[in-house]
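Heads up: the structure comes next, in structure tokens.
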Amino acid sequence: MNENAPDRRDAVHQQALDRDAPSAFPGDRHPAWIRACRRLAGAGYGDAVTDAYIRSSPDIARATTPQAAIDLAGTVSSVAIRSGRTAAALLSETALDAAGRLGEGGFVRWVALMEYANTTAPESLTALLKAMPKLLAEIDLDGLEAWLRIGVRSAEGDAKRRLRFFTLEDPSAIRWLQRTSGQAGFADMEARLKPFLTALWGDNPPLRETPANAPEQARRRPGFDGSIVRLPSAYPGFQRTEAERLYRAAVAHIGAHLRFTRERFPLGSLRPMQIALVSLIEDARVEHLAMQDLPGLARLFQPFHTAQPTSAVNAQTLFARLSRALADPAYEDPNPWVIKAREAFLAEPDLRDQQLSRRIGNLLGNDLGQMRLQFDAKTYVVQPPYRDDNLGLWDFGDDDQQNADAEEVLSSARIRQEENEDRPDRVEPENKPDSEAGQVEIQQVEMNGVLVARYPEFDYVTGREQRDWTSVKEYLADSGPAERVARLREQRADLANRLTALIRSARVSRAERLRRQSEGDFLDIDACIDAAVARRIGEPPSPRIHGRYERRSRDLSVLLLLDASQSTSDRVRDGRQTVLDVERQAAALLSQAMAGLGDPFALAAFCSDKRDDVRYMRIKDFGQPYDGLVESRLAGLQSGFSTRLGAAMRHAGADLATQRSYRRLLLVVTDGEPSDIDVDDRHYLVEDARKAVQGLSRLAIDTFCAGLDSSADSYLSRIFGQKNAISIATVERLTDLLPKLYLTLGR
């Protein structure tokens with residue numbers, strides 16, 4: 001131990017006594033607190049650690065309990081050893097803020113979370129503690145715990161990735177923070193905004209989240225550059241419903257620019273104030289034109305215009321009041337400058353003339369110059385919040401340095417987009433002949449699919465379902481030579497006959513009560529009464545006085561869901577067929593058997609390209625005949641992408657739920673565990689698929705899985721249950737699968 005430690009402990013003792021500590025630590029708690037202070041002082045962690053604890057702990061004791069403040073010293077010591085002295089000193093200071101926010105019970109739990117972070121992410125604890133006031137202002141303790149565990153889990157042991165997460169440099173950290181706080185962020189809204197924008201304007205520009213390293217002003221407002229739309233990762237301070245409306249208003253406003261702002265304004269020698277005013281007038285112009293075509297947009301835009309007349313008159317407040325005056329006909333503003341601007345705008349005979357924005361903006365800028373109002377381009381933020389930063393309205397030329405001040409008013413920095421990065425051709429149906437427009441529409445369906453549903457996804461770490469997290473898109477099934485499937489079926493004609501016999505022999509239906517049987521499971525009361533009456537009147541009684549339950553038919557709907565992910569292109573163990581070939585052959589044999597017996601069934605295939613593109617291909621719907629078209633689609637299946645099983649099962653289950661059969665079966669044929677390129681945790685999609693199976697069970701839908709040549713038996717058993725999953729390497733083993741399957745269904 002440090003030889004100076006006794007002196008330091010004495011100094012600590014005196015310092016603690018000098019404070020008003022006895023009132024915070026009454027009775028025997030005060031000596032215990034003194035001992036805790038002296039242990040920290042003698043441990044050699046440095047004066048900063050000890051002094052921070054001595055300063056903070058009395059107030060923590062008053063906000064919570066004396067014992068909680070004393071116990072904190074042990075956590076401070078553990079943090080100093082594992083995470084460092086800076087984190088240990090910061091812990092005491094941050095704990096005081098946490099105690100004031102959370103009270104006794106919440107504080108104890110918060111300290112336990114800091115101990116968890118100290119154990120699992122020591123390199124990140126300092127950054128986490130620095131961010132703690134902001135975190136506690138946005139999320140509750142449940143949300144904080146969920147966010148902590150997500151950060152640790154998603155890094156998969158990589159300290160650098162953990163540090164990026166907890167310093168909020170990783171965009172996914174911000175998105176998860178939004179989700180745990182209940183906010184609506186870009187990640188939640190992206191899949192819904194694309195069809196909304198297309199429905200409004202017939203346009204489909206790529207939507208991108210503003211980079212986390214962009215300047216503050218650029219992160220607070222949407223923007224567009226060329227044909228790419230940037231949106232903030234979140235709108236802090238807005239509740240979920242209001243934030244969702246903000247995102248919709250933002251894309252509707254930018255869509256109006258893409259439609260009605262035909263060319264960029266040359267920057268010339270305009271001053272920053274004039275640039276802001278021209279942009280404001282242009283915003284109002286395109287919104288007026290948009291509301292002429294789509295009057296309902298007024299209900300979307302106007303609620304966000306909340307500026308009111310105030311005694312404080314400066315350029316920014318006048319800009320906000322003018323924005324409202326031009327957007328809301330019912331708003332009255334007494335300021336002469338606002339009145340003049342509104343009258344000039346409404347007097348314009350043709351709002352489709354883009355140059356009116358420059359004329360009116362220049363005029364108003366000159367008036368403000370004479371009023372000697374100050375305008376700070378560095379702090380100016382466009383109002384209301386759904387409006388874009390107007391970067392896309394201006395032609396800056398080639399000299400960025402010369403125009404730096406002008407750009408500052410728009411977004412503080414230019415965020416360039418690569419022209420060849422996810423930039424599909426923009427479709428403008430109004431400029432195309434009907435026949436060509438139809439071809440474009442079909443091509444879009446084939447390439448991009450049609451968004452048909454959104455489903456939740458279960459995060460096993462937090463124990464919560466993330467609402468509307470996945471997007472299922474239906475794609476047109478490719479066609480192939482139907483003879484290919486016919487050949488596969490004919491090769492195993494013997495097996496086809498056995499499968500048909502197995503299915504025919506199965507009795508999956510409601511049990512019927514058969515009365516007046518010679519033997520059975522129960523006495524038929526009516527038959528017994530008739531027998532007793534017959535004996536009384538001297539007639540011989542009938543021996544058929546029993547009854548029994550019997551399944552005499554089949555009442556079953558089946559949806560066969562095929563995995564078409566990239567891994568199904570691998571060859572099975574005998575090397576003669578791919579996994580997809582085996583799936584195709586199994587589907588053909590089962591389909592022939594079910595079609596011959598008249599059972600209602602459907603065929604579909606799936607794969608996925610991240611959560612916003614779960615691809616679902618309908619091969620045969622319920623009620624559709626099994627014919628050459630279906631076999632052509634089955635032959636055209638190709639392997640590709642990943643296996644987001646849970647979302648695909650939920651969508652298939654929605655189809656099955658519409659069937660009125662006694663039993664409804666989802667039969668999944670796959671080759672391995674669920675996976676996708678946007679998920680690092682191998683357990684995440686497994687647990688989500690398991691949750692999907694549980695949800696289908698509540699809808700009275702049975703699920704069964706055939707794992708083809710799979711080494712993921714444990715995953716399939718985890719998802720479907722030990723009795724509802726079987727591994728088969730060849731189609732011959734279908735004869736093992738079906739008896740087990742129908743035995744389960746017949747219970």
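Residues Tyr455 and Ala654 come closest through the heavy atom pair OH-CB, 3.9 Å. Between Ala482 and Ser632, the shortest heavy-atom contact is CB-N, 4.0 Å. Smallest separation of non-hydrogen atoms from Leu603 and Ala587: CD2-CB, 4.3 Å.
The existence of a salt bridge linking Glu673 and Arg682 is confirmed by a sub-4.0 Å separation between a basic side-chain nitrogen and an acidic carboxylate oxygen. A salt bridge is defined here as a Lys NZ or Arg NE, NH1 or NH2 lying under 4.0 Å from an Asp or Glu carboxylate O, and Asp688 with Arg690 fails to meet this definition.
Partners of Arg248 under the salt bridge (charged side-chain N to carboxylate O under 4.0 Å, His left out) rule, at least two apart in sequence or in another chain, do not exist in this structure. Residues that satisfy the side chain to side chain donor-acceptor pair (under 3.5 Å) test with Tyr386, not counting sequence neighbours, are Glu287, His305. Residues meeting the ring-ring contact (aromatic ring centres under 6.0 Å, His included) test with Tyr616, sequence neighbours left out: His651. Every residue two or more places apart in sequence or in another chain that forms a side chain to side chain donor-acceptor pair (under 3.5 Å) with Ser567 is listed here: Ser565, Asp671. With sequence neighbours left out, Arg618 forms a side chain to side chain donor-acceptor pair (under 3.5 Å) with Glu474, Asp621, Asp655.
Put simply, the side chain of Leu590 does not reach to within 4.5 Å of the side chain of Val558, judged on heavy atoms. Under the 4.5 Å side-chain criterion, counting only non-hydrogen atoms from C-beta, Cys705 is in contact with Phe720. Side-chain contact between Leu197 and Pro205: present, with at least one pair of heavy atoms (C-beta onward) separated by less than 4.5 Å. Between Met649 and Leu561 there is a side-chain heavy-atom pair separated by less than 4.5 Å. Within the 4.5 Å cutoff, the side chain of Arg584 has no heavy atoms near those of the Val579 side chain. A heavy-atom distance below 4.5 Å is not found between the side chains of Val668 and Asp563. Side-chain contact check for Phe601 versus Lys620: some heavy-atom pair is nearer than 4.5 Å.
Using bins of under 30°, 30° to 60° and over 60° for the plane-to-plane angle, the ring pair His683/Tyr715 lands in the tilted bin.
Residue pairs meeting the salt bridge (Lys or Arg N to Asp or Glu O under 4.0 Å) criterion with at least one member in residues 449-458, sequence neighbours excluded, are Glu457-Arg644.
Note that Arg464 lies outside the cation-pi zone of Phe458, set by a 6.0 Å cut-off to the ring centre and a 45° limit from the axis.
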Step-by-step salt bridge (Lys or Arg N to Asp or Glu O under 4.0 Å) determination, Glu190 to Lys194: CA-CA 7 Å; Glu190 180 183 6; Lys194 290 179 179 178; 3.6 Å; yes
